[in-house]
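Just below is one structure, and these are the notes that go with it.
Any value given below was found using the heavy atoms of this structure, including those in side chains, with hydrogens, waters and symmetry copies removed. Since the structure is predicted, the reported quantities are computational estimates derived from the model, not experimental observations.
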Amino acid sequence: VYGPKKIARPLKLILPFATLAFVGFHTNASISIGTLAGIMMGYVPDFNQFPLWWILVGTTISGVLFLGKNFYCGYLCPFEVVQSLLNKAGGFKLKLKPSMINHARRVIFTLSWLALILIFLSRHPALGSYEPFSMMFSLEGIGIQWYILPISLFGALLIPQFWCRLFCPVGLTLSEAVRLRRRTINRIKAGKKTENGTISTTLKTGDKGAKTNFSFFIALTTLLLVFGYFIHSFVQIREQGIVVTGIDRLKHRIEWSAPK
């Protein structure tokens with residue numbers, strides 16, 4: 001009988017390529033700053049029409065809240081897979097100084113603030129998304145995306161996870177959310193001190209249990225992606241069938257009403 005870890009190991013290898021093929025090229029459904037801003041503005045799509053959106057966003061939020069991990073950037077982001085493949089192909093692994101990473105955080109915060117201001121003023125979530133995700137997988141972009149995409153791809157050849165570490169607003173937002181969760185839990189545990197000054201550990205979980213939960217989470221996410229793929233395909237087929245049926249009925253009416 002295979003345990004969760006033995007099941008999760010091959011899935012860790014399959015999941016990134018499945019994400020690249022399905023989330024990236026097939027549906028082009030990467031999470032962007034426009035996605036996060038749209039949630040805050042109440043723009044939530046219908047599950048029957050966009051099941052993959054619910055799976056990606058739900059998995060990402062659940063990973064942050066329940067496991068304290070940024071699951072999306074490590075396993076579900078198709079652009080991260082592209083960067084990893086480019087870096088392996090380039091063979092360069094230039095290291096970044098800590099000061100450069102700190103400056104990059106300020107740059108990301110500034111760009112995110114400007115993007116959110118533009119989104120909230122225009123009431124259009126896609127207008128402030130400057131990430132190159134959509135252009136990478138559909139070759140359709142607007143404005144600054146035409147300059148960001150080649151720069152990020154070239155940077156990935158030299159620096160591992162170039163875009164993720166220096167410019168990605170989604171990655172920084174999720175990492176800060178994980179950090180906020182960790183601080184909140186630590187404060188709660190610190191507030192449960194006994195009279196002797198020891199911390200209550202009734203809810204403490206070991207490293208082995210955390211790793212097992214994480215492996216199970218990977219397997220569950222893979223199954224959800226497969227499930228979402230079939231639902232997405234079914235919705236597309238159904239919509240195409242409705243369109244074809246409508247066209248056939250229209251042609252029939254035109255032929256019936258035409259003078260003989």
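Within the model, atoms CG of L56 and OG1 of T35 stand 9.0 Å from one another, a figure rounded to the nearest 0.5 Å. In this structure, CZ in F133 is found 10.0 Å from CD1 in I148, a value given to the nearest 0.5 Å. Atoms OG and CG, on S129 and L118 in that order, are 9.5 Å from each other to the nearest 0.5 Å. The CG atom of L158 sits 13.5 Å away from the NZ atom of K93 when rounded to the nearest 0.5 Å. Atoms CG and CG, on N70 and L172 in that order, are 10.0 Å from each other to the nearest 0.5 Å. In this structure, OG in S152 is found 3.5 Å from CZ in F79, a value given to the nearest 0.5 Å.
Across all non-hydrogen atoms, the minimal contact from E80 to G74 is OE1-O, 4.3 Å. Nearest approach of R165 to A104, heavy atoms of both residues: O-CB, 4.1 Å. Listed here is the closest heavy atom pair of L65 and R181: O-NE, 2.6 Å. Nearest approach of I119 to P125, heavy atoms of both residues: CD1-O, 3.4 Å. Of all the heavy atoms in L116 and A37, the pair that sits closest is CD2-CB, 3.8 Å. Shown here for V64 and A177, the closest heavy-atom pair between the two residues is CG1-CB, 3.8 Å.
In this structure, the side chains of L153 and L157 stay at 4.5 Å or more apart for every pair of heavy atoms. In this structure the side chain of Y72 reaches within 4.5 angstrom of the side chain of S30, judged on heavy atoms. Between L174 and C73, some side-chain heavy-atom pair lies under the 4.5 Å cut-off. R123 has its side chain within reach of Y43: a pair of non-hydrogen atoms, C-beta onward, lies under 4.5 Å apart. Within the 4.5 Å cutoff, side-chain heavy atoms of E176 are placed close to those of R105.
Both I39 and F47 belong to a single network of hydrophobic side chains, linked directly or stepwise wherever heavy atoms of I, L, V, M, F, W or Y lie under 4.5 Å apart. In this structure, V81 is a member of the same hydrophobic cluster as W163, with clusters built from ILVMFWY side-chain heavy atoms closer than 4.5 Å. Hydrophobic clustering of Ile, Leu, Val, Met, Phe, Trp and Tyr side chains at less than 4.5 Å, counting indirect connections, unites L94 with L96. Note on F50: it clusters hydrophobically with L76, by side-chain heavy-atom contacts below 4.5 Å among ILVMFWY residues. Under the 4.5 Å side-chain heavy-atom criterion for Ile, Leu, Val, Met, Phe, Trp and Tyr, I101 and L111 are members of the same hydrophobic cluster.
Remark: the backbone N or O of N28 is not paired with any side-chain donor or acceptor of S134 at under 3.5 angstrom. Using a distance-only test at 3.5 Å, with no hydrogens or angles considered, a donor-acceptor pair links the side chain of E131 to the main chain of I33. Looking only at distances, no side-chain donor or acceptor of W53 sits under 3.5 Å from a matching main-chain atom of V44. A donor-acceptor distance shorter than 3.5 angstrom exists from the side chain of T27 to the backbone of F22, with no hydrogens or angles considered. Side chain of Q145 to backbone of M135: no donor-acceptor contact under 3.5 angstrom is found.
The distance between the ring centers of F162 and F167 falls below 6.0 angstrom.
Atom CZ of F92 has 12 or fewer heavy atoms from other residues, nucleotides or ligands within 6.0 Å. Annotation for Y147: atom OH does not count as buried by contact number, only 12 or fewer foreign heavy atoms lying within 6.0 Å. Other residues, nucleotides and ligands contribute more than 12 heavy atoms inside 6.0 Å of the CZ atom of F120.
Annotation: ring-ring contact (aromatic ring centres under 6.0 Å, His included) contacts of F25 (sequence neighbours excluded): F137.
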Subject >> Stepwise side chain to side chain contact (heavy atoms under 4.5 Å, CB included) test for V178 and R182 >> reply: CA-CA 6 Å; V178 171; R182 187 180 299 115; 3.6 Å; yes

